[in-house]
Amino acid sequence: MASAALRLPENVPGDFFVDSTCIDCDACRQIAPGIFTEDDDVSIVSHQPETYEQTKRAMMALVACPTGSIGTIEHHDAHIGIDAFPELIAENVYYCGFNAESSFGAWSYLIVRPDDEGGNVLIDSPRFATQLVKKIEAMGGVRTMLLTHKDDVADHERWAGKFKCERVMHDDDGAARHGVERVFTGQEAVAIDRDLTAIPVPGHTRGHMVFLYQNKFLFTGDHLAWSPNRNSLIAFRSACWYSWAEQQRSMKRLLDYDFEWVLPGHGRIHHDSAANMREALRDCIDWMKTR
Ligand code: SF4
């Protein structure tokens, strides 16, 4: 729960506020960009919600905030935010909300599919929050859990315990240690099922993988994201824990694939044609050489 006593003085006056426990994960700014902005490595409320829709977006940010750093002075029905998750992104792909602090607020996603098409897939781990668990249960549960890398595993054990799902992760990021059921090795891409491919992309961590769904949705963990500032794709040089040179090689290998969506753990989501995404990926590869 956010504390009014810790309210950042940079917030505009009014109902919603961010307190000093903010870890600058960017989730609120992405969910409600008209309400929250960045200010010196924290988020602040720069515009108080005025309409129902703006209040709903602010409440969704409050629910998603991994550190409970967003608060209100007035009482609001929390279900305005809670019930909005999982939030549809496109087709059968959802953003889970309920970002986990242990993964520094990384975003997680849900693919909803009939059982005969492979069943539902959770990509990286949201907080194991009762309200979200019930919603996902009502949407068909989780058959498979894809873990991009070791930083974003959060509550994976509790999700696996609840839904008896098969977890997928690379051995070089400690999959065996985490008790993962399907452990990948090496650097060859592997088909998980007809529509899903696991692509090892060492760099950010040694065992990082991205997951491609239907040659359209690329779940990128901390390997690749969209940057509004660059208006292009980026990788995170200052958060590259294993090898920047290796990450550049991994990025080049992604040129072999078509995708229209980039769905990262950190950084911004982006959608464009496969041709424009490939162009942005080439631009990213060139830009990485300068970092
Ligand atoms: S979601 Fe929470 S932790 Fe993340 S930037 Fe916003 S206030 Fe800070």
Side-chain angles (χ1 to χ4, degrees), residues 1-50 53-87 89 94-110 123-129 131-132 135 148 151-155 204 220-222 225-229 234 236 238-239 263-270:
M1 280 294 279
S3 164
L6 298 177
R7 179 182 180 126
L8 293 167
E10 292 82 4
N11 289 289
V12 293
D15 185 14
F16 280 80
F17 64 90
V18 176
D19 77 15
S20 60
T21 62
C22 170
I23 58 171
D24 196 24
C25 76
D26 187 45
C28 59
R29 303 192 294 267
Q30 197 164 174
I31 294 167
I35 307 297
F36 300 93
T37 50
E38 187 171 16
D39 185 287
D40 272 348
D41 297 334
V42 289
S43 282
I44 57 163
V45 173
S46 55
H47 182 89
Q48 292 291 343
E50 291 170 7
E53 189 54 34
Q54 289 173 348
T55 302
K56 179 182 171 186
R57 299 305 301 182
M59 289 301 291
M60 289 172 69
L62 184 151
V63 168
C65 177
T67 46
S69 304
I70 300 170
T72 62
I73 295 168
E74 295 168 23
H75 173 75
H76 295 269
D77 180 358
H79 282 280
I80 298 170
I82 291 168
D83 293 347
F85 293 119
E87 183 190 24
I89 295 173
Y94 294 76
Y95 160 48
C96 293
F98 293 85
N99 300 25
E101 184 176 8
S102 54
S103 59
F104 200 78
W107 287 43
S108 56
Y109 303 92
L110 180 72
I123 299 99
D124 286 330
S125 175
R127 233 179 300 150
F128 191 78
Q131 302 99 326
L132 181 63
K135 288 287 293 287
T148 58
D151 300 340
D152 292 355
V153 297
D155 292 334
H204 171 75
T220 56
D222 290 351
W226 184 259
S227 163
N229 290 341
I234 58 161
F236 302 105
S238 61
L263 298 160
H266 295 290
R268 296 299 173 100
I269 292 171
H270 191 64

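Both counts, for ligands and for their atoms, begin at 1 and track the order of listing. The model shown is predicted, which means the values in this text are computed figures rather than measured ones.
Between the CZ atom of F36 and the CZ atom of R57 there is a distance of 11.0 Å, given to the nearest 0.5 Å.
At a heavy-atom distance under 4.0 Å, only side-chain atoms of I70, from C-beta outward, approach ligand 1. At a heavy-atom cutoff of 4.0 Å, ligand 1 is contacted by both the backbone and the side chain of I23. Neither the backbone nor the side chain of V42 comes within contact range of ligand 1; no heavy atom lies under 4.0 Å.
D83 and K56 are not joined by a salt bridge, as no carboxylate oxygen comes within less than 4.0 angstrom of a charged side-chain nitrogen.
In this structure, a donor-acceptor pair under 3.5 Å is present between the side chains of T21 and S69.
Close contacts between ligand 1 and D26 involve ligand atoms 4 (Fe), 5 (S) [criterion: under 4.0 Å to a heavy atom].
With a 6.0 Å radius and a threshold of 12 heavy atoms from other residues, nucleotides or ligands, D40 has its CG atom at or below the threshold.
At least one N, O or S atom of C28 sits under 2.8 Å from atom 6 (Fe) of ligand 1. At least one N, O or S atom of C25, from either the backbone or the side chain, sits less than 2.8 Å from atom 4 (Fe) of ligand 1. Atom 8 (Fe) of ligand 1 has no N, O or S atom of C65 under 2.8 Å away, backbone or side chain.
Taking 4.5 Å as the limit, some side-chain heavy atom of L132 sits within range of a side-chain heavy atom of P86. Inter-residue side-chain proximity for Q131 and F98 is flagged as met; some heavy-atom pair is nearer than 4.5 Å.
Of the possible donor and acceptor atoms, none in the side chain of R7 sits under 3.5 Å from a partner among the backbone N and O of D19.
Regarding atom 8 (Fe) of ligand 1, its nearest protein heavy-atom neighbour is C22 SG, 2.3 Å. When hydrogens are left out, the protein atom nearest atom 3 (S) of ligand 1 is T67 OG1, 3.3 Å; that is the closest non-hydrogen contact.
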